[in-house]
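From a predicted model like this one, the values you see are computed outputs, not experimental measurements.
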Amino acid sequence: MRWARALLFNVAFFGWTAIAGTVGLPFLLAPRMATVKFGRFWSRGVLVLLRIIVGLDYQIRGLDRVPRDGCIIAMKHQSAWDTLILPVVLEDPACVLKRELLLLPIYGWYAARAGSIAIDRKAGAAALRQLVAAARPIATQGRPIVIFPEGTRVAPGAHLPYQPGVAALYQALALPLVPAAVNSGLFWGRRSFLKRPGRITLEFLEPIPPGRTRRRVMAELERRVETATAILLREAEGQNATNSLPEISARARRRTSAQA
């Protein structure tokens, strides 16, 4: 039954994306905020499809911790769901993404017009300069800047080194840094056809104020994000018996216990 629901969702997802993306093409010529609002409408449609077809809902914690006059959000990244939810809960975020995504039909067009920050990850130090230069005018607008500090999606319980981009933004922009944890990968895994019923949790943590050293802020950010993520993973594991969530490996389980 879950495979049938997953198939139905994928058909509905691509159908909804094709129809909405085609009908909404005039928004690409409209003011930027019109494109942002249309993209939010598309995201909400996908979330409705997830809830109705798959039985996958979500909850947001700590949204009141996100400053309204500009901040950097460093978010754990486990699933495509993470990018769907951001325009719904943050209204007008500027997401840092790899430049290749702008080449995708429909999604790339709207992401570019909505004001995303696209970087060439192969450019090394030049990519950091490009990132900071693109983020400065966005910071003056008070828009939240979202970056995934590990640079890519990681499986639940996995951990990659935190990349220097988040520290570069923190030091250059002097904005509060908001850590964010999520357990979306347990329900919608990376490159996974199967979507599982349940409830994804996205949690925004207390902001780290500007002015700390690079080493100190990176250590604190990593500790807080990984600890909160481990807690969310354990909470979701309580659904294993009824929803057949994927098991976290023994090594990852020991790591998440130690982080908590």
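- The ring of Trp109 has its center no closer than 6.0 angstrom to the ring center of Phe27.
- The minimum heavy-atom distance between Ile53 and Ala12, with the atom names listed, is CD1-CB, 3.8 Å.
- Aromatic ring orientation, Phe41 versus Phe38: tilted (interplanar angle from 30° to 60°).
- Side-chain atoms of Ser79 come within 3.5 Å of backbone atoms of Trp81 as a donor-acceptor pair (strictly under, hydrogens ignored).
- Side-chain contact check for Leu25 versus Tyr110: some heavy-atom pair is nearer than 4.5 Å.
- Note on Ile73 and Val96: separate hydrophobic clusters, where clusters join Ile, Leu, Val, Met, Phe, Trp and Tyr whose side-chain heavy atoms are under 4.5 Å apart, directly or indirectly.
- Rounded to the nearest 0.5 angstrom, Met75 CE and Asp82 CG are separated by 4.0 Å.
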Checking Trp188 against Leu194 for the side chain to side chain contact (heavy atoms under 4.5 Å, CB included) test, could you report, in this order, the C-alpha distance in whole Å, the side-chain angles of both residues, the deciding distance, and whether it holds? CA-CA 7 Å; Trp188 182 343; Leu194 189 63; over 6 Å; no
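- With hydrogens and angles ignored, the 3.5 Å screen pairs a side-chain donor or acceptor of Thr227 with a backbone N or O of Arg223.
- When hydrophobic clusters are built by joining Ile, Leu, Val, Met, Phe, Trp and Tyr residues whose side-chain heavy atoms come closer than 4.5 Å, directly or via intermediates, Leu177 is not grouped with Leu90.
- Remark: the backbone N or O of Ala112 is not paired with any side-chain donor or acceptor of Ser116 at under 3.5 angstrom.
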Side chain to side chain contact (heavy atoms under 4.5 Å, CB included) between Arg65 and Glu203, worked out: CA-CA 10 Å; Arg65 296 169 178 154; Glu203 182 174 10; 3.8 Å; yes
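- With contacts defined as side-chain heavy-atom distances shorter than 4.5 Å, the pair Pro176/Ile72 does not qualify.
- Interatomic distance, Glu235 CD to Leu186 CG, rounded to the nearest 0.5 Å: 11.5 Å.
- Nearest heavy-atom pair across Ala118 and Leu102 is CB-CD1, 3.4 Å.
- Proximity of a side-chain donor or acceptor of Thr83 to a complementary backbone N or O of Ala80 within less than 3.5 Å is detected.
- Closest non-hydrogen pair, Thr229 versus Gln78, comes out as CG2-NE2, 3.7 Å.
- The hydrophobic clustering, which links ILVMFWY residues whose side-chain heavy atoms are closer than 4.5 Å, places Val23 and Val46 apart.
- Looking only at side-chain heavy atoms (C-beta outward), Thr152 and Arg190 come within less than 4.5 Å of each other.
- Between Phe187 and Val54 there is no side-chain heavy-atom pair separated by less than 4.5 Å.
- For the pair Glu226 and Lys76, the salt-bridge criterion is met [side-chain N within less than 4.0 Å of a carboxylate O].
- Not counting sequence neighbours, the partners of Phe193 by the ring-ring contact (aromatic ring centres under 6.0 Å, His included) test are Trp3.
- Under the 30°/60° scheme for interplanar angles, the aromatic rings of His77 and Phe148 are found to lie parallel.
- Taking every heavy atom of both residues into account, Ile147 and Gly165 meet most closely at CD1-C, 3.8 Å.
- If you chain together hydrophobic residues whose side chains sit under 4.5 Å apart, Leu233 and Ile85 fall into the same group.
- Comment: Glu206 does not engage Arg61 in a salt bridge, judged by the lack of any side-chain N to carboxylate O separation of less than 4.0 angstrom.
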Before giving the answer on ring pair (Phe, Tyr, Trp, His ring centres under 6.0 Å), spell out for Phe9 and Trp16 the whole-Å C-alpha distance, their side-chain angles and the decisive distance to 0.1 Å. CA-CA 10 Å; Phe9 169 75; Trp16 166 243; over 10 Å; no
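- Residue Asp92 holds its CG atom at 7.5 Å from CD of Gln141, rounded to the nearest 0.5 Å.
- The shortest non-hydrogen separation linking Glu150 to Leu160 is OE2-N, 2.7 Å.
- Annotation: side chain of Ile138 is in contact with side chain of Ile117 (closest heavy-atom distance under 4.5 Å).
- Judged by distance alone, the side chain of Arg40 and the main-chain N or O of Pro87 form a donor-acceptor pair under 3.5 Å.
- Separation of atoms CG (Leu8) and NZ (Lys195) is listed at 11.5 Å; rounding is to 0.5 Å.
- Listed for the Asn183 side chain is no donor-acceptor partner under 3.5 Å among the backbone atoms of Ile200.
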Before you tell me yes or no, could you show the steps for Lys98 and Asp120 under salt bridge (charged side-chain N to carboxylate O under 4.0 Å, His left out), namely the whole-Å CA-CA distance, both residues' side-chain angles and the distance that decides it to 0.1 Å? CA-CA 6 Å; Lys98 58 184 181 181; Asp120 181 2; over 6 Å; no
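- Looking at Tyr162, its side chain never comes within 3.5 Å of a backbone N or O of Leu221 through a donor-acceptor pair.
- Side-chain contact between Val89 and Val66: absent, with no pair of heavy atoms (C-beta onward) separated by less than 4.5 Å.
- Looking at Pro93 and Ile145, their side chains never come closer than 4.5 Å, going by heavy atoms from C-beta outward.
- Arg5 contributes no side-chain N or O that, together with a main-chain N or O of Arg196, makes up a donor-acceptor pair within less than 3.5 Å.
- At distances below 3.5 Å, not a single donor-acceptor pair connects side-chain atoms of Thr35 with backbone N or O atoms of Ala114.
- With hydrogens and angles disregarded, no donor-acceptor distance shorter than 3.5 Å links the side chain of Asn10 to the backbone of Leu7.
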Between Arg32 and Val36, is a side chain to side chain contact (heavy atoms under 4.5 Å, CB included) present by the stated rule, with each step listed? CA-CA 6 Å; Arg32 189 188 68 83; Val36 170; 3.4 Å; yes
Could you walk me through whether Arg143 and Glu91 satisfy the salt bridge (charged side-chain N to carboxylate O under 4.0 Å, His left out) test, starting with their C-alpha distance in whole Å, then the side-chain angles of each, then the deciding distance to 0.1 Å, before giving a yes or no? CA-CA 9 Å; Arg143 296 172 59 198; Glu91 295 189 0; over 6 Å; no
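- Partner of Tyr58 under the side chain to side chain contact (heavy atoms under 4.5 Å, CB included) criterion, chosen from Val182, Leu47, Thr201, Leu84: Leu47.
- Heavy atoms of other residues, nucleotides or ligands lying less than 6.0 angstrom from CZ of Arg99 number 12 at most.
- Phe204 contributes atom CZ, which lies 6.0 Å from atom CD1 of Ile60 (distance to the nearest 0.5 angstrom).
- Leu205 and Leu232 fall into different hydrophobic clusters, defined by Ile, Leu, Val, Met, Phe, Trp and Tyr side-chain heavy atoms under 4.5 Å apart, directly or through other members.
- The CG atom of Leu202 lies 7.5 Å from the CG atom of Leu86; values are rounded to the nearest 0.5 Å.
- Judged by distance alone, the side chains of His159 and Glu222 do bring a donor and an acceptor atom under 3.5 Å apart.
- Counting heavy atoms from C-beta outward, Arg214 and Tyr170 have side chains that stay 4.5 Å or more apart.
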